[in-house]
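Bear in mind that the values here come from a model prediction, so they are computed numbers and not experimental data. Per chain, numbering begins at 1; letters A, B, ... match sequence-line order.
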There are 2 protein chains.
Amino acid sequence: MMSIPLDQLGVQSLDRASPVPLYHQIKQTLQSWISSGRFSPQDRFPAERELEEFFKVSRVTIRRAVGELAEEGYLYREQGKGCFVARPRMEYELGRLTSFTEDMKGRALRTKAHVLHFGVVRDPDVALRLAESEDEELIKLVRVRSIDDEPVALQSAYVLRSVAHDLADRSLIEGSLYKTLETHYGLRIGYAEQTIESRAAADHEAVLLGIRSHTPVLALERLTYLHTGEAFEFVRSTYRGDKYRFTVALRR
Amino acid sequence: MMSIPLDQLGVQSLDRASPVPLYHQIKQTLQSWISSGRFSPQDRFPAERELEEFFKVSRVTIRRAVGELAEEGYLYREQGKGCFVARPRMEYELGRLTSFTEDMKGRALRTKAHVLHFGVVRDPDVALRLAESEDEELIKLVRVRSIDDEPVALQSAYVLRSVAHDLADRSLIEGSLYKTLETHYGLRIGYAEQTIESRAAADHEAVLLGIRSHTPVLALERLTYLHTGEAFEFVRSTYRGDKYRFTVALRR
DNA sequence: AAGTGGTCTAGACCACGTT
DNA sequence: ACGTGGTCTAGACCACTTA
């Protein structure tokens with residue numbers, strides 16, 4: 001439970017002309033202190049008033065930086081006692097909204113996607129999940145996803161055509177769909193609800209995944225929402241039970 | 001996209017003598033405005049400066065209340081435009097750390113737990129997941145969980161004895177374990193990591209769950225951490241694939 | 001008594017979108 | 001030009017823990 005003097009932590013380098021907010025610059029500096037191993041778990045972290053003086057900013061700014069790190073589990077605070085370094089998380093930060101590609105990238109695995117179908121369709125059941133009207137036009141994309149050339153999942157994604165009417169084939173198929181929507185259409189993605197169940201593989205799924213029928217698979221359904229709370233995407237996935245497991249981080 | 005005049009929203013009732021922080025009182029008032037249906041989705045929400053004057057508090061306080069509601073998905077803000085009411089979430093707020101009992105309570109289902117085993121054990125594999133030492137004492141509890149008198153899950157929970165050395169049988173078995181730890185031991189629960197996979201039921205599991213062997217089941221493993229980042233609980237569960245599905249809320 | 005995090009004030013300037 | 005949310009300041013008092 002020792003404390004590390006601030007003057008051993010190098011010179012602060014805040015750029016007050018930068019468009020990046022001060023609290024964010026400070027947050028990243030503090031994060032680097034933590035992840036560089038200068039602190040051990042349960043070590044005393046510098047008090048807010050010390051940091052205030054060190055960075056020459058107001059306490060509110062410090063509190064925002066420290067507060068976000070605490071929210072993300074890097075630090076914990078105890079009233080009257082102080083602020084301490086938490087034990088590092090074991091798993092890759094998850095339970096966040098990431099695409100299959102991003103997820104795999106974090107684990108350094110070679111992924112591929114083979115497109116089985118791409119086009120505009122109408123599907124009353126899916127349309128009703130995404131909007132009020134049952135004959136909304138949908139962009140449908142069916143893919144087989146592989147890791148190291150071995151098929152692991154079957155995925156059917158439906159995006160409301162109204163939110164991205166001229167979405168190019170390329171951008172949807174390659175790269176991150178979410179990133180495309182955010183940069184090209186200015187959409188902000190909010191959150192998603194996902195259900196996970198275990199069932200036996202159907203015949204046509206088994207063929208595409210290269211497994212025997214009735215083998216256990218993970219069946220997922222996901223509804224993705226914009227920050228306004230409007231649904232814009234529905235995804236149905238089937239993962240091989242023997243090749244894939246999900247990790248979810250639960251908070252508070 | 002209409003706006004509702006503040007003077008139609010009733011008198012504010014902040015109690016400045018209350019130990020409940022102002023931002024929290026305001027947050028709850030705003031939340032009641034939203035959930036009472038006075039606003040429709042995408043309605044303009046009162047601007048921060050208006051709320052400031054209405055509640056007679058500073059803007060920082062308003063921002064904290066509004067900010068938390070935005071974080072939780074009730075409101076969304078757009079710079080230069082204003083603050084708006086989001087569409088209400090469909091599913092029960094989940095993806096949070098809840099116990100089986102709490103989870104089911106939210107769905108108004110009758111649950112029961114039949115205890116198969118309860119006692120102190122040593123288990124090197126589990127101990128190493130929870131702590132450095134492999135001969136830590138563990139409190140082990142094995143239960144069959146039922147909904148409407150039908151068995152749906154098999155659950156083995158291990159709690160480090162060192163965090164709750166004199167934990168009474170009753171409190172662990174009935175009621176919420178988490179609540180007991182928080183109120184009686186002053187522990188603060190931080191987060192959990194859960195893995196979910198699909199596999200075939202083993203023979204002994206099939207018997208206890210009343211299903212045929214090799215039927216698909218959901219196999220879960222969960223590590224629960226205190227706010228310090230120290231693991232204190234490990235749970236291994238097996239859910240019937242035909243009777244249970246998981247819902248997870250993913251953020252941002 | 002001194003130090004800590006938790007809350008709150010009354011201002012200020014900025015970037016952005018609408019009028 | 002004006003209103004919006006986003007950031008920031010320089011203070012203040014409180015509740016709590018430790019010495």
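- Here the C1' atom of nucleotide C/dG3 and the CD atom of A/Glu50 are 10 Å apart, to the nearest Å.
- Here B/Phe39 and B/Phe45 bring their ring centres to under 6.0 angstrom of each other.
- For B/Tyr23, no side-chain nitrogen or oxygen approaches OP1 or OP2 of C/dC8 to under 4.0 Å.
- Rounded to an integer number of Å, the gap from A/Arg64 CZ to C/dG6 P is 16 Å.
- With no hydrogens or angles considered, a side-chain donor-acceptor pair links B/Tyr178 and B/Glu233 at under 3.5 Å.
- Classification of the A/Tyr158-A/Phe234 ring pair by plane angle, with boundaries at 30° and 60°, yields tilted.
- Protein atom CD1 of B/Ile62 is 14 Å distant from nucleotide atom P of D/dG6, rounded to whole Å.
- Straight-line distance from the CG atom of B/Asp15 to the C1' atom of C/dC8: 16 Å, rounded to whole Å.
- A side-chain donor-acceptor contact under 3.5 Å links A/Glu230 and B/Gln42.
- Inspection of the B/Glu78 and A/His227 side chains reveals an N or O donor paired with an N or O acceptor under 3.5 Å.
- Salt-bridge formation is not detected for the pair A/Arg222/A/Glu193: no Lys NZ or Arg NE/NH1/NH2 atom is positioned less than 4.0 Å from an Asp or Glu carboxylate oxygen.
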I'd like a table of atom pairs between the protein and nucleotides 9-13 of chain D - only N or O on both sides, under 3.5 Å - with the distance next to each one.
unit_1, atom_1, unit_2, atom_2, d
D/dT9, OP1, A/Arg16, NH2, 2.5
D/dT9, OP2, A/Ser58, N, 2.9
D/dT9, OP2, A/Ser58, OG, 3.0
D/dT9, OP2, A/Thr61, OG1, 2.7
D/dA12, N6, A/Arg59, NH1, 3.4

Pairs under 3.5 angstrom, nitrogen or oxygen only, protein versus nucleotides 16-19 of chain D, please.
unit_1, atom_1, unit_2, atom_2, d
D/dC16, O4', A/Gln79, OE1, 3.4

